[in-house]
There are 2 protein chains.
Amino acid sequence: MQDHFVHVQCGDCPIRHRAVCARCDTDELAELEQIKYYRSFQAGQTIIWSGDRMDFVGSVVSGIASLTQTMEDGRRQMVGLLLPSDFVGRPGRSTAAFDVTATTDVVMCCFRKKPFETLIAETPHVAQRLLEMTLDELDAAREWMLLLGRKTAREKIASLISIIARREAALHKKKASGNLSVDLPLTREEMADYLGLTLETVSRQISALKKDGVITLEGNRHVSIPDIDRLLEEAGDDTDGGLPV
Amino acid sequence: MQDHFVHVQCGDCPIRHRAVCARCDTDELAELEQIKYYRSFQAGQTIIWSGDRMDFVGSVVSGIASLTQTMEDGRRQMVGLLLPSDFVGRPGRSTAAFDVTATTDVVMCCFRKKPFETLIAETPHVAQRLLEMTLDELDAAREWMLLLGRKTAREKIASLISIIARREAALHKKKASGNLSVDLPLTREEMADYLGLTLETVSRQISALKKDGVITLEGNRHVSIPDIDRLLEEAGDDTDGGLPV
DNA sequence: AAGTCGCCTTGACGCAAATCAATTTGGGAG
DNA sequence: CTCCCAAATTGATTTGCGTCAAGGCGACTT
């Protein structure tokens with residue numbers, strides 16, 4: 001029997017899911033057919049508002065979504081960047097704790113929450129896999145905390161570029177090649193929200209890294225990295241652990 | 001049969017565990033007797049070094065431990081504060097990603113990792129409960145990210161005090177009384193590492209909050225809060241969600 | 001072609017927090 | 001009690017990043 005929960009290719013899903021997939025011929029999962037559905041969102045659209053009732057969980061199929069938190073006076077901090085295969089939602093909690101916004105056009109594969117929860121309760125592997133993913137996210141969040149709390153603006157930018165490069169590489173299963181290049185999926189403002197900076201500082205530091213030859217730009221969204229080790233050094237990373245999220 | 005995994009009082013544990021407990025008369029858990037043990041650590045002692053092989057998981061029984069990350073040049077960021085009942089370790093990963101240090105004297109209740117992992121694989125409830133705890137921690141980490149990225153020094157201090165007050169209240173199951181007071185379990189330097197500040201700034205902001213009547217100090221580790229709402233306002237918290245960690 | 005709009009860059013200036021540098025406090029040992 | 005020393009406070013100064021402001025660069029529309 002086919003492994004039915006981890007990295008499964010669904011019939012009509014463009015990517016291999018890390019989450020539960022309904023297309024597998026397992027009895028207990030068959031009924032999921034009825035509780036699985038797709039939703040599309042346009043760039044800029046809000047997928048979930050913080051505080052909203054959430055009756056589904058799901059994973060990103062394509063596009064990029066972001067988790068953000070906003071203070072009353074408008075200060076905003078991104079607290080999660082959701083790439084394809086990332087999981088959204090919380091079994092066991094009924095309201096969303098953060099805003100989820102589509103950064104690019106997004107397709108999500110959703111499962112109604114209640115049946116998903118019973119599935120978790122009955123299928124140890126699913127809960128286990130979900131636990132593993134959540135622990136990975138927690139590790140990533142903690143790396144991110146070091147970035148926010150202690151790194152300089154320049155280090156933050158270098159870190160962000162290497163994080164995106166690393167995740168993109170992981171997604172396409174290719175190892176770091178000689179001269180790798182990355183498309184930044186975020187505006188300067190979104191990068192600023194990610195890094196706890198202002199957009200002006202982001203722009204300045206990117207210019208500085210360009211001037212110093214750490215990166216080169218084609219357009220203002222595409223970055224080439226001539227020397228990845230140089231970039232990592234600028235990022236102040238000792239841990240080169242290729243963590244997801 | 002007694003509920004055997006969540007909030008159980010162990011025979012010889014001083015507190016009610018949120019994690020798995022070996023003292024319950026359940027067949028599948030009986031063997032855990034042999035794989036559960038206690039370890040004590042003195043204040044300041046390192047429990048686990050980042051990168052070390054970790055062959056156990058466990059939960060804090062008494063005392064306070066902290067999870068920290070350090071850059072080569074010595075900049076340090078706390079990324080987790082472990083109070084009694086908090087879980088340490090990662091089923092599914094063999095090396096520790098962060099330093100764990102005993103902030104006060106600490107007693108930990110440990111389980112050898114391998115048998116614990118098989119337990120998780122075989123007992124859905126355990127994985128489920130662990131997932132729930134990890135998701136709570138992730139939510140807390142994300143609140144923390146907002147703090148690190150966007151709050152001012154004064155807001156950070158006010159947030160820290162209210163977080164500690166909230167957690168202490170949760171631990172003792174008492175609701176916020178009129179004039180609540182908190183023992184800060186951290187030195188100024190540890191607070192600074194928690195908040196992404198320097199110890200001087202921490203000291204200055206505590207003095208400022210005292211001068212403005214938001215808090216009063218008895219000694220320099222004990223804080224009284226005359227008006228909790230005032231403090232929360234200073235903290236810039238809209239979400240008053242009583243999250244753990 | 002000209003106009004508009006979103007996004008980005010660059011400059012000038014100010015301020016919050018870091019850094020550097022003394023003291024002061026207070027708890028524990030003798 | 002007095003000494004000692006880590007922890008905390010407070011002051012003076014510097015600086016990195018935020019803020020405010022002006023202008024540039026494509027990509028669309030008309």
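These numbers come from the heavy atoms of this one structure, side chains and all, not from hydrogens, waters or symmetry mates.
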A cation-pi test, strictly: NZ or CZ of Arg39(B) under 6.0 Å from the centre of the six-membered ring of Phe56(B) and no more than 45 degrees from its axis. Yes or no? yes
At under 4.0 Å between heavy atoms, what does [X] touch on the DNA or RNA strands: base, sugar-phosphate, or nothing?
X	result
Leu199(A)	base
Gly44(A)	nothing
Arg221(B)	sugar-phosphate
Thr198(B)	base

Can you measure from CH2 (Trp49(B)) to OG1 (Thr101(B)) and round to the nearest 0.5 angstrom? 7.0 Å
Nearest 0.5 angstrom please: Leu138(A) CG to Leu135(B) CG, how far? 9.5 Å
The side chain of Arg188(B) is closest to which nucleotide in this list: dC17(D), dT9(D), dT19(D)? dT9(D)
Just compare dC17(D), dT9(D), dC8(C) and give me whichever is closest to any side-chain atom of Thr187(A). dC8(C)
Can you tell me if Ser203(B) touches the phosphate of dT9(D), counting only side-chain N or O atoms and a distance under 4.0 Å to OP1 or OP2? yes
Would you please confirm or rule out a distance under 4.0 Å between OP1 or OP2 of dA17(C) and any side-chain N or O of Arg154(B)? no
Would you mind telling me which residue lines up with the more 5' stretch of DNA chain D, Thr152(A) or Glu189(B), judged by nearest nucleotide? Glu189(B)
Classify the side chain of Arg204(A) versus the base of dG18(D) as yes if they form a donor-acceptor pair under 3.5 Å and no if they do not. no
Is there a donor and acceptor pair closer than 3.5 Å between the side chain of Glu200(A) and the base of dC17(D)? no
Verdict with supporting geometry, Asp212(A) and Arg230(A), salt bridge (charged side-chain N to carboxylate O under 4.0 Å, His left out): CA-CA 11 Å; Asp212(A) 297 346; Arg230(A) 174 77 194 285; 5.4 Å; no
Over its full length, what angle do the end axes of the helix from dA1(C)-dT30(D) to dG30(C)-dC1(D) make, each axis taken from five pairs and the result rounded to 10 degrees? 30°
Rounded to whole Å, CG of Asp193(B) lies from P of dA8(D) at a distance of 12 Å
Residues Lys151(B) and Asp237(B) bridged, charged N to O under 4.0 Å: yes
Does a side-chain N-to-carboxylate-O contact under 4.0 Å join Arg75(A) and Asp193(A)? no
Closest heavy-atom pair, Tyr194(A) versus Leu148(A), reported as atoms and distance to 0.1 Å, is O-CD2, 3.8 Å
Result for 5'-nearest mapping on DNA chain C, choosing between Arg150(A) and Lys210(A), is Lys210(A)
